[in-house]
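Note that the structure is a prediction, hence the values are computed from the model and not measured.
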Protein chains: 2
Amino acid sequence: MARVTIQQVAAAAGVSPSSVSNYLNGRTNRMVPATRERIASAIADLGYRPNRAARQLRTGQTQTIGLIVPSVGNPFWGAFARELEVAALAAGCNVLLCNSERDPERERRYVEELWEDGVRGVVLCTSLPSLDHLADLIDRGLRLVTFDRPAQADDPASVVSISINNHVGGFIATSHLTDLGHKKLAFVSGSIASINRTGRFRGFCTALEAVDLDPATMPMWTGMEEVPFGDVESAQVGRRAALDLFDGTQEPPTGVVAINDMTALGFCRGLRDRGLEVGVDVSVVGFDDIILADLYDPPLTTVRQPIARMAGLAITEVLKDPSESEDGRSVLLRPELVVRQSTSAVEGAAATESVEESVEGKQALTRAEQR
Amino acid sequence: MARVTIQQVAAAAGVSPSSVSNYLNGRTNRMVPATRERIASAIADLGYRPNRAARQLRTGQTQTIGLIVPSVGNPFWGAFARELEVAALAAGCNVLLCNSERDPERERRYVEELWEDGVRGVVLCTSLPSLDHLADLIDRGLRLVTFDRPAQADDPASVVSISINNHVGGFIATSHLTDLGHKKLAFVSGSIASINRTGRFRGFCTALEAVDLDPATMPMWTGMEEVPFGDVESAQVGRRAALDLFDGTQEPPTGVVAINDMTALGFCRGLRDRGLEVGVDVSVVGFDDIILADLYDPPLTTVRQPIARMAGLAITEVLKDPSESEDGRSVLLRPELVVRQSTSAVEGAAATESVEESVEGKQALTRAEQR
DNA sequence: TTGGTCTGGTGTAACGATGCACCAAGGTAC
DNA sequence: GTACCTTGGTGCATCGTTACACCAGACCAA
């Protein structure tokens, strides 16, 4: 109960509180080794732990990092939150968790509150095209790292973004299907009013064009605009898409690229409702590689995001002194295709050269990488 | 940037900082309405927000609640974390997220750190049979609510536990299978050195005995002791169990109760590896009702935990003044069976009376409820 | 000797909110 | 008129840490 204060440590070590403070904050260069020793052992003996509140009151800084995700209920965000906590812990920080539910208003409120609480920085997982609603806070010095949202042209200069290259991701997912001989492909997502969705969709188109297919002729599904966001709902989006695309009124796709694994799994569920077999009747590629992708029946082919690495990057960037950080730094990682059993060659198709290996494909991919 | 302080508000309202403080802390009874008004509008005009650090330094209290889960990477804990955050938000609190990875040492370190940071209380999701490693902190006044861990006889008096009745849960899961005519049942879990596991297993046994089956004659699986904990691994546990139970060396079960949904899904994956069909060749019941249970192919029959309600309870308990809270309060909620398609009647079995409806079953269930 | 520089420290005023102890003014009882 | 409440509100020390400004003493060069 009785807290040990810096004064008690100072008394025990026979120095002034200032010296203990200097020691604690690494200003140890102007200090004779013997003094350093005495302070160190006094701290150990008394079991002293600095009082965070006092420290924060003085410095205006915490060791807390704010994390805003759409919803930790979504396994992808849950996994990311865990990785971020691991990385933060290694850097001596804590993570304050906030679920935005993809509501820009909540997002704004949370960021504001975190800022007022003096967090070191905020890792914001959002897919809103604009950061205007946060512009004033960023101006006032908020350290913001966005995740899963590539930098946009008009983003404030100090914002760092960490993301996979969605264009490339969409491309390799789609090329995998065209390699397997699929010619009728659909891209399934709820709304494409988000950054990563547009990127992935562009990759989808690029891949089709690389094998002379016209995106415009592909089966389209643009339903459920009434539920533009929401994560738990993304599975419902997939399911609904499957039911609609296979309702017999149009020529259905043989291959599908889903915006994320939850949507892909929902889509698989919808296929099953229609009596179709995933990986046999229809090939499905997901996105994210959540833990359940591998567990599913059949295991889901998907595009993996290297979340552990991305979480580590997010932490180092968020803790970086603004002065030593190049402005507008945008990290774009290359995603990786994980082939499992939800995709297979279209019946009777000759094995084709991998698009990714072909000349046109390589050119298209290179162009995608550069965006 | 420039923070508005209580002094500025006081100046604007023409009162002393003390009065503003009194206003802020509800000591409004000794204050003439006009004064109250002036303070209120000064706060609004200046956009004043109290400084948390200063307040905490003075009072030693935060509005932060610590949440320790095994791992938010597990969809069940992710979903719970989200619900808890919703409930905390409604109570004006924030949630600090910690992943214990089921390591008692980390658990201890986190609780200690949270306590030192002055959190209002800690919601600890653990399944350790003992809280000894936290005893001294609890003695010193830590407000602790455990989740998913029914109260134990020798728990410190001030600890509140919120959990489902695992015995009942195990019972209804198992009875569902015996109702369907299954007579060879297995209980699958990694290690049973955790509280909820023993409870669920007891329910499994009670249900078997209620229909005159002997738990001792059931196919057993007790492998992977080397991985006693870990959440991502629980799927691996299930998968391994399926591979082992169906390796041809013993008479395999026709129905399985898994310790949780992740294990159940892993088990389904293992069945598939063995060429068996879930819900046809083998019936599987999970536990938790994570979002993926409904998405799986086939959708998983499972025992639902009412996490939203439990999260709400956890928050009210954790914020309750220790003086007005009965000691040792233990909330035991009744779980609910959700029947989907991973379970079906055993071939050729006559429809039997539901055990739960039978006299013996009712008696057994009543006994289970009372523990 | 004087002045200057370096080394190894220390004194002290904040940071912003809190809440106890106190007080002035007005009312009331006898 | 005095003693005593009550009402409405204020003064001020305090929480624990920080970091700037300062200082004493040693050392050295001219």
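Ion pairing between B/Arg108 and B/Glu112 holds under the 4.0 Å rule for side-chain N and carboxylate O. Taking 4.0 Å as the cut-off between side-chain N and carboxylate O, B/Arg149 and B/Asp155 count as a salt-bridged pair. Taking the charged nitrogens against the carboxylate oxygens, A/Asp117 and B/Arg49 have no contact shorter than 4.0 Å, which rules out a salt bridge. Classification of A/Glu101 and B/Arg82 as a salt-bridged pair holds, one side-chain N sitting under 4.0 Å from a carboxylate O. Salt bridge present: B/Arg106 and A/Glu85 bring a charged side-chain N and a carboxylate O closer than 4.0 Å.
Between the side chain of B/Ser18 and the base of D/dG9, no donor-acceptor pair of N or O atoms lies under 3.5 Å. A donor N or O paired with an acceptor N or O is not found under 3.5 Å between the base of D/dA19 and the side-chain atoms of A/Thr59.
In this structure, the CD atom of A/Gln56 is 11 Å from the C1' atom of C/dC15, given to the nearest Å. Regarding B/Met31, its CE atom lies at a distance of 13 Å from the C1' atom of C/dG19, rounded to whole Å. The CZ-P distance, from A/Arg38 to C/dG8, rounds to 13 Å in whole Å. Between B/Asn22 atom CG and C/dC20 atom C1' the separation is 11 Å, expressed in whole Å. Spacing between atom CZ of B/Arg27 and atom P of D/dT7 amounts to 18 Å, rounded to whole angstrom units. One interatomic measurement links the two molecules: CZ of A/Arg55 to P of D/dA19, which rounds to 9 Å at whole-angstrom precision. As a whole-Å value, the separation of A/Arg36 CZ from C/dT7 P is 14 Å. Nucleotide D/dT18 holds its P atom 12 Å from the CD atom of A/Gln61, rounded to whole Å.
Of the side-chain N and O atoms in A/Ser16, one or more sit less than 4.0 angstrom from OP1 or OP2 of C/dT10. An OP1 or OP2 oxygen of D/dG9 is reached within less than 4.0 angstrom by a side-chain nitrogen or oxygen of B/Thr35. Remark: B/Arg58 is not in phosphate contact with C/dG16, judged by side-chain N or O atoms under 4.0 Å from OP1 or OP2. Between A/Asn25 and D/dT18 there is a side-chain polar atom (N or O) within less than 4.0 angstrom of OP1 or OP2.
Taking the nucleotide of DNA chain D with the nearest heavy atom to each of B/Ala54 and B/Gly14, the more 5' of the two is matched to B/Gly14.
The residue A/Val20 sits apart from the nucleic acid: no heavy atom pair falls under 4.0 Å. Nucleic acid contact class of A/Ser19 (heavy atoms, under 4.0 Å, all strands): base. Across all strands shown, A/Gln7 has heavy atoms under 4.0 Å from base atoms, whether or not it also approaches the sugar-phosphate. A/Tyr23 comes within 4.0 angstrom of no nucleic acid atom, judged by non-hydrogen atoms across all strands.
No hydrogens or angles considered: a donor-acceptor pair under 3.5 Å links the side chains of B/Thr126 and B/Glu107.
Remark: the backbone N or O of B/Gly118 is paired with a side-chain donor or acceptor of B/Thr62 at under 3.5 angstrom. A donor-acceptor pair is defined here as one N or O able to donate and one able to accept, closer than 3.5 Å; such a pair exists between the side chain of A/Thr59 and the backbone of A/Arg55.
Residue-environment remark: CD (A/Gln61) exceeds the threshold of 12 foreign heavy atoms within 6.0 Å. Atom CZ of B/Arg309 is surrounded by 12 or fewer heavy atoms from other residues, nucleotides or ligands within 6.0 Å.
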Polar atom pairs (N or O), protein with nucleotides 21-23 of chain C, under 3.5 Å:
none

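In this structure, the separation between OG1 on B/Thr28 and CG on B/Asn22 is 9.0 Å, given to the nearest 0.5 Å.
You'll find that the side chain of A/Ser21 is closest to D/dA19, out of C/dG8, C/dG16, D/dA19. Between C/dA17, D/dT17, C/dG19, one nucleotide has an atom nearer to the side chain of A/Ile6 than all others, and that is D/dT17.
Each end of the helix from C/dT1-D/dA30 to C/dC30-D/dG1 gets its own axis, taken as the rotation carrying the C1' atoms of four end pairs onto the next four within a five-pair window, and the two axes meet at 60° to the nearest 10 degrees.
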